[in-house]
Amino acid sequence: RDPPVLRLSSPCSLPSIPPRPSQVPLIRRTMCGPARLDDRIALYKMGLADSFPGPKMCIWSTNDEINRGNARMTPYFEGRRDFGQDKQKACMEVVYTDTLDHLLFDTHGLARRVDVMKIDIEGFETRAFRGAARLLASDFKPCQIYFEYQHDATVESGVDRHELFERLTRAGYKLNDFMKNGEVGSFTPEQWDGMRFGDLRAVLDDASCGWSSRGPPRRSTARRTRRR
């Protein structure tokens, strides 16, 4: 039988889909420590995109020396190819794509709100959310989505650079760069148009997530001042 999506003890739920075998030991050492979550974890060798069953794809590392986990997914190829600034890349792993809707609803049987989703798939975020139309239209869509945006990799995946912003805002999310700007929902279409790279957060404006339209509570950044 198919193993479940990675699940943490209620009330948290965290899907995890890393396709590269070299990452599996690192993930298991992290998750299977004192908390003993190994019986609740399943790792899928697949890529997230907008089709299921999907085409044959290649995974290749952008930098084996600095960050082995930083990999790109492209249509299957043989030999070596150049991809923008990434030169002479070879297919390191072969994967097929799945959609978030199929994975969460059909495989996992999702029946509750997802608290937080983390997705970092090197430019394929837009295509992954194309495959999450049912999720984003449901009562179970994530309260927060953390993701990395790379303009060039996004365009190279074959999508329009505005699509991700438009899909998430239509679904009720407000976007911001949580590493640079503490104000939720600060991105306008014009600001997104100039976005090249960022560690972003999409916050759902929904009372069922436990906060107002101002977004989730943030840790206070007030500093103590010394009396003179």
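As the structure is a computational prediction, the values presented were derived from the model and not from experiment.
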Notebook entry, point to check: Just checking, any donor-acceptor pair under 3.5 angstrom between side chains of T126 and R167?
Noted result: no
Next item on the list: Can you see which heavy atom on F197 is nearest to which on Q150, and at what distance?
Entry: CD1-CG, 3.7 Å
Item checked: Nearest non-hydrogen partners of A202 and L168, listed with the distance -> CB-CD1, 4.2 Å
Note to self: Per the ring pair (Phe, Tyr, Trp, His ring centres under 6.0 Å) rule, what does the pair list look like for residues 155-177, sequence neighbours excluded?
What the structure shows: F165-W192
Notebook entry, point to check: Y146 ring centre to K118 NZ or CZ under 6.0 Å, with the angle to the axis within 45°?
Noted result: no
Checklist line | Any side-chain donor near an acceptor of the partner, T99 and D101, under 3.5 Å | finding: no
Item checked: Gap separating the CG atom of D98 from the CE atom of M46, nearest 0.5 angstrom -> 4.5 Å
Checklist line | Full working for ring pair (Phe, Tyr, Trp, His ring centres under 6.0 Å) between Y96 and F52 | finding: CA-CA 9 Å; Y96 292 86; F52 173 82; over 10 Å; no
Notebook entry, point to check: Just how far is it from atom CH2 of W60 to atom CZ of R80, taken to the nearest 0.5 Å?
Noted result: 12.0 Å
Check: Can you name the nearest heavy-atom pair linking S51 to T97, along with the distance?
Finding: O-OG1, 3.1 Å
Next item on the list: Apply side chain to side chain contact (heavy atoms under 4.5 Å, CB included) to L164 and F147, showing your working.
Entry: CA-CA 11 Å; L164 181 59; F147 62 100; 3.6 Å; yes
Next item on the list: Of all the heavy-atom pairs spanning L200 and M195, show the shortest one and how long it is.
Entry: CD2-CE, 4.2 Å
Check: Is the backbone N or O of T154 less than 3.5 Å from a side-chain atom of S157, with the two atoms forming a donor-acceptor pair by type?
Finding: yes
Margin query: Given R201, which partner from the list L175, V116, N176 fulfils the side-chain contact (heavy atoms from CB on, under 4.5 Å) test?
Written below: N176
Check: Atom CD1 of I119 and atom CG of L100: how far apart are they, to the nearest 0.5 Å?
Finding: 5.5 Å
Margin query: Before you tell me yes or no, could you show the steps for T169 and K174 under side chain to side chain contact (heavy atoms under 4.5 Å, CB included), namely the whole-Å CA-CA distance, both residues' side-chain angles and the distance that decides it to 0.1 Å?
Written below: CA-CA 6 Å; T169 54; K174 296 182 178 181; over 6 Å; no
Next item on the list: Mind listing the closest non-hydrogen atom pair of D177 and F187 along with its distance?
Entry: N-CZ, 3.6 Å
Margin query: Using only atom types and a distance under 3.5 Å, with no angle test, would you say the side chain of E125 pairs donor to acceptor with the backbone of G123?
Written below: yes
Note to self: Could you tell me if D82 and Q88 have a donor-acceptor pair between their side chains, going purely by distance under 3.5 Å?
What the structure shows: yes
Next item on the list: Provide the full list of disulfide (SG to SG under 2.5 Å) pairs with a residue in residues 77-131, sequence neighbours left out, each pair given once.
Entry: C58-C91
Check: Does the ring of F105 carry R134 above it, NZ/CZ under 6.0 angstrom from centre and within 45° of its axis?
Finding: yes
Check: Are I59 and R72 side-chain neighbours, meaning at least one heavy-atom pair lies under 4.5 Å?
Finding: no
